Amino acid sequence: MGMVPFSSVVSDHGPTVLRVCRAMLEPTEADDAWSETFLAALRAYPDLARDANVAGWLVTIARNKCTDMIRRRNRAAIPVADGLDTVATDDRPHTPDAELRRALATLSDRQQTAVIAHHVAGMPYAEVATLLGTTPAAARRSAADGIAKLRATYREDAPE
Amino acid sequence: MTPTGTPSRDGQQNPSTENVLSTVFAPTTSGASYLNALTTELAARADRDGLLGVAFRYLDSPFGQLLVAATEVGVVRLAFASEDHDVVLNELADTVSPRILEFPRRTDDASRQLDEYFARRRRAFDLPVDLRLVRGFRRDVVSHLTKIPYGTTSSYGELAAAVGNPRAVRAVGSACAHNPVPLIVPCHRVVRSDGTIGDYLGGTETKRSLLALEAA
């Protein structure tokens, strides 16, 4: 079987990638990350293995692009005393989704991948496991740990 | 009646994180048109960065919807609706490049000239054509087709003689049937030597209409 035209990749996975980007970034930045993701994917597409999990591949690229953008934004921001608090320099209004995005950024790499791949992108744990190089049970655990931490952080950070 | 599903607003109990995840992270503005706008922008950037192997567009015509596809060299494929356009795109992914996106701008010129042709305001196409999908003898035949003037016809036998292989009538017929850029490369101007119209990828009826259009 041959390669699927990239136009189909975009129409099949565009909404999922946008959801991932929106989970990590505010909407305007998310649009940029979406474009960066598909541009990078288009560049690499001819070399993608025919049996690759395209959704997983795109989620990984999207997460990397979003992480890059967060880093770039934080570098551009005025450094704060403890060097960790990215919230202090962020004077955008505190909306619930902004709070949740901040909470998401505090998760470990594995937890974040698991939460985004399963809860945001809707990938089954078997596929999340392949993405993490682990077993489905371990992937499920990572997602559960991530959600537990999100719940705790989100509650802590929530205004009022 | 007390609503049961509403999250508590007392500040002590937060709504379930999962609920927030699914509601907050579900893009509300990402309807089809929003994603279409993002996709259009993506195609333009891909084109600028030299990453767009094949750009395509759909074009309405008196003969149904056409698919017009172009590489950076020129128009590489034109398909009638009778060919499944999704199948054609899949073939292009295999034979030309999988880096395919809908990007009408690249075929603006081709579309304008086709519109003019259908309106009888154009007799010859002045367009770069990419014939990479045809090789060898078929390429000779297809290249020769552009020499048949508007409003005239040639027979498969005459065409075979013209390309220097008078016995290859059948092969010429096959080359015409596999012309990747019909209309622009006018294979519809080749008819049977007995005067009957012969087959056409866009249908015999379309071929008859095209010849009538040019004869008017």
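Below, read A as the first sequence line, B as the second, and so on, with proteins coming before strands; counting in each chain starts at 1. Here the structure is a predicted model, which is why all the values come from computation and not from measurement.
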In terms of heavy-atom contacts, A:Leu39 and B:Leu51 come closest through O-CD1, 4.1 Å
*asked:* Can you tell me if B:Arg132 has over 12 outside heavy atoms packed within less than 6.0 Å of its CZ?
replied: yes
Practice prompt. Please indicate whether B:Arg112 has more than 12 foreign heavy atoms, meaning atoms of other residues, nucleotides or ligands, lying under 6.0 Å from its CZ.
Written response: yes
Of all heavy-atom pairs linking A:Val4 and B:Ala93, the shortest is C-CB, 4.3 Å
Decide yes or no for B:Leu38 and A:Phe38: does some side-chain heavy atom of the first lie under 4.5 Å from some side-chain heavy atom of the second?
no
request  = Might you confirm whether atom CG of B:Asn36 has over 12 heavy atoms from other residues, nucleotides or ligands at distances under 6.0 Å?
outcome  = yes
Any side-chain heavy-atom pair of B:Arg99 and A:Met3 under 4.5 Å: no
Applying a strict 4.5 Å limit to non-hydrogen atoms, the region of A:Tyr45 in contact with chain B is side chain
Closest non-hydrogen atoms of A:Pro5 and B:Leu89, given as atom of the first, atom of the second and distance, are CG-O, 3.6 Å
If one checks every heavy atom of B:Asp49 against chain A at 4.5 Å, the contacting part turns out to be side chain
inquiry  = Tell me whether the count of non-hydrogen atoms from other residues, nucleotides or ligands lying under 6.0 Å of CZ in B:Arg135 goes above 12.
reply    = no
Rounding to 0.5 Å, atoms CZ (A:Phe6) and CG (B:Leu52) come to a distance of 10.5 Å
